[in-house]
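Atoms within a ligand are numbered from 1 in the order they appear, just like the ligands themselves. The structure presented is a predicted model; accordingly, all values stated were derived computationally and were not measured.
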Amino acid sequence: MYFDDNTLVYLDGEFVPAAQATCGVYAQSLHYGYAVFEGIRAYNTAQGTRIFKAREHYERLHYSCQSIGLPLTYSVEELTEISYQLLAKNNLTDAYLRPLVFAATPHMTLTAPPASNLMLAAWHWGKYLGSQSLRLTVSPYERPNPKAVPIEAKVSGHYANSIIASSEAKGRGFDEALLLDMNGYVAEGPGANFFVEKDGALFTAPGGSILRGITRNTVIDLARSAGITVTERFFRPDELRGATGAFMTGTAAEVVGVASVDDVVFATPFEHTLGAQLAARYTALVLGETAAAEAS
Ligand code: PMP
């Protein structure tokens, strides 16, 4: 699914066949999750292949590396250029891009490695959470305590929490988990942010215990430019009662409706919510059919 015999990945300065791009079992990142990554999408637009918000994603990659002290020697511009080359070499237009900064060095000591490695892969990926409205459940697992790890950085090791929560929710027959923060406020999904519509306005968790998604920021901008009030504030699951609807946002998931959270079932079909309007605006924006400023 991710690669075939013809796929090339970028690894430390060259494009190599995916099957040959391997990493040793003593790699520090493999043992401790001490690595950083991004999830980016490219779209086939009327103006050609366009990577959506490449700068924001690569600035976040730099921020994530700095947050954990992992060296990254490539500039935002170089990373963007490599990304376009990778797409062209693999004849990809609509694609998901996965840059990974990691330590292949055999380094079992619990200190930052002297150098890092860079891998970039791309593949076709449909909407990560599908197109149907999701049945969520509040997870028994919380988001990691932001005083324990820099939770606003996209660190590989944080995703053990995501995998555990998502698997647990699916094991109970739900589509996805909804995680609370350490104070019992709704934070986000394992790989997507969460918005609620109530009384004609939207609210979503503030920064602190979430990854402040680039899609989240884009959707906030789209909503505000359409005159919709968006508040970033703490809220508990019981505030979902009486809400009109909810949706999740993420680069991989894009904008996807939420049908229910445990026994709270949203009465309004997603198609009739602000989330659906914003999903359409988001699609128009990523396809270059509207510029950010005129997306309203
Ligand atoms: N939260 C988490 C935990 C994620 O992994 C992601 C996906 N990167 C998001 C939110 C959404 O972020 P973005 O919109 O930047 O993809």
Practice task
Test Y10 against K89 for side chain to side chain donor-acceptor pair (under 3.5 Å), laying out the working first.
Solution key: CA-CA 10 Å; Y10 179 88; K89 285 181 189 291; over 6 Å; no
Problem - Centroid separation F37 to F102 less than 6.0 Å - result: no
Completion exercise
Only residue of F235, F203, F247 satisfying ring-ring contact (aromatic ring centres under 6.0 Å, His included) with F195 is F247
Fill in the blank from the handout: For Y96, the ring-ring contact (aromatic ring centres under 6.0 Å, His included) test, sequence neighbours excluded, returns W123, W125
Handout entry: Protein residues that have a heavy atom under 4.0 Å from any atom of ligand 1, sorted by chain and number
Key = R60, R143, K154, Y159, E188, P190, G191, A192, N193, L211, G213, I214, T215, T249, G250, T251
Problem - R41 to F52 six-membered ring, cation-pi geometry met (6.0 Å, 45°) - result: no
Exercise for the section: Start with the C-alpha distance between V196 and T204, add both sets of side-chain angles, then the distance that settles side chain to side chain contact (heavy atoms under 4.5 Å, CB included), and finish with yes or no. Expected result: CA-CA 6 Å; V196 183; T204 190; over 6 Å; no
